[in-house]
Amino acid sequence: MTHTILHIDDDPIACELVRSILEDAFEVRVVSRMNTSDALETLKQVAPDLIITDIAMPGHGGFELVRALRDTPSTAAIPIIVLSGRIAMLGHYEQFQDMVDDILEKPIHQAELRAKVRRTLKLH
């Protein structure tokens, strides 16, 4: 069974890196979007098994996206992993931390990302 992962990051290099890391390791399809507006539109057609998002993005960032996902019945139960270079600032937002399943720091560590995805999606 192929799982679908929606990845949101405004950095095209990060999008390609996450896609490569995960698609090379697992039977997954990574759908990348570069902003929260495109991600929310994509969710109207795609039902991902996991969402991986950056926090700091132009316009509406990851905080707003996570709140919107958790407030929407059709997306409230989708696991969310935050992948961000601003982990230190997340310590001030305990409520936000409670809304996500995991938080990883950039730069991306391949083994750590794969392990978190494997555990979250219960892949073997």
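Predicted, not measured: the structure shown is a model, and the values here were computed from it.
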- Does the pair Ile8 and Ile51 meet the rule for a side-chain contact (heavy atoms from CB on, under 4.5 Å), with working shown? CA-CA 8 Å; Ile8 306 101; Ile51 296 172; 3.6 Å; yes
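- Met99 and Leu40 fall within the same hydrophobic cluster, defined by Ile, Leu, Val, Met, Phe, Trp and Tyr side-chain heavy atoms under 4.5 Å apart, directly or through other members.
- Nearest heavy atoms, Leu50 versus Pro79: CD1-O, 3.4 Å.
- Between Leu43 and Leu6 there is a side-chain heavy-atom pair separated by less than 4.5 Å.
- Here the closest heavy-atom approach between residue Arg19 and residue Val30 is recorded as NE-O, 3.6 Å.
- Of the inter-residue distances, the one linking Ile81 atom CD1 with Ile103 atom CD1 reads 10.5 Å to the nearest 0.5 angstrom.
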- Task: Could you please spell out the steps behind the side-chain contact (heavy atoms from CB on, under 4.5 Å) verdict for Ile5 and Leu121?
- Result: CA-CA 10 Å; Ile5 299 170; Leu121 294 177; 4.2 Å; yes
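- Considering only heavy atoms from C-beta on, Leu104 comes within 4.5 Å of Glu112 through its side chain.
- The existence of a salt bridge linking Asp11 and Lys106 is excluded, since no basic side-chain nitrogen approaches an acidic carboxylate oxygen closer than 4.0 Å.
- When the side chains of ILVMFWY residues are joined at heavy-atom separations under 4.5 Å, either directly or via intervening members, Leu22 and Ile108 end up in a single hydrophobic cluster.
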- Take Leu83 and Asp54 through the test side-chain contact (heavy atoms from CB on, under 4.5 Å) and record every step on the way to the result. CA-CA 5 Å; Leu83 182 59; Asp54 190 12; over 6 Å; no
- Walk me through it: do Leu113 and Ile52 pass the test side-chain contact (heavy atoms from CB on, under 4.5 Å)? CA-CA 10 Å; Leu113 177 60; Ile52 300 174; 4.3 Å; yes
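- Remark: the backbone N or O of Leu69 is paired with a side-chain donor or acceptor of Thr75 at under 3.5 angstrom.
- Phe26 and Arg114 get closest at one heavy-atom pair: CZ-O, 3.5 Å.
- We find the CD-CD1 distance between Glu16 and Ile21 to be 10.0 Å, quoted to the nearest 0.5 Å.
- Separation of atoms OG (Ser20) and CD (Gln110) is listed at 7.0 Å; rounding is to 0.5 Å.
- When atom types are taken as modelled, the side chain of Thr42 and the backbone of Asp38 share a donor-acceptor pair closer than 3.5 angstrom.
- For Glu27, the CD atom counts as loosely surrounded, since its 6.0 Å shell holds 12 or fewer non-hydrogen atoms of other residues, nucleotides or ligands.
- Checked by atom type and distance alone, the side chain of Asp101 pairs as donor or acceptor with a backbone atom of Ile80 at under 3.5 Å.
- Checked by atom type and distance alone, the side chain of Arg70 pairs as donor or acceptor with a backbone atom of Ala76 at under 3.5 Å.
- No side-chain heavy atom of Asn35 sits less than 4.5 Å from a side-chain heavy atom of Asp10.
- Atom OG1 of Thr2 sits about 10.0 Å away from atom CD of Glu23, to the nearest 0.5 Å.
- The cluster map of Ile, Leu, Val, Met, Phe, Trp and Tyr, joined by side-chain heavy atoms under 4.5 Å apart, puts Val31 and Ile78 in the same cluster.
- Contact between Ala14 and His7 at its shortest, heavy atoms only, is O-CE1, 3.7 Å.
- Taking the salt bridge (charged side-chain N to carboxylate O under 4.0 Å, His left out) definition, one finds that Lys44 meets it with Glu41, sequence neighbours left out.
- Using a distance-only test at 3.5 Å, with no hydrogens or angles considered, a donor-acceptor pair links the side chain of Asp49 to the main chain of Thr4.
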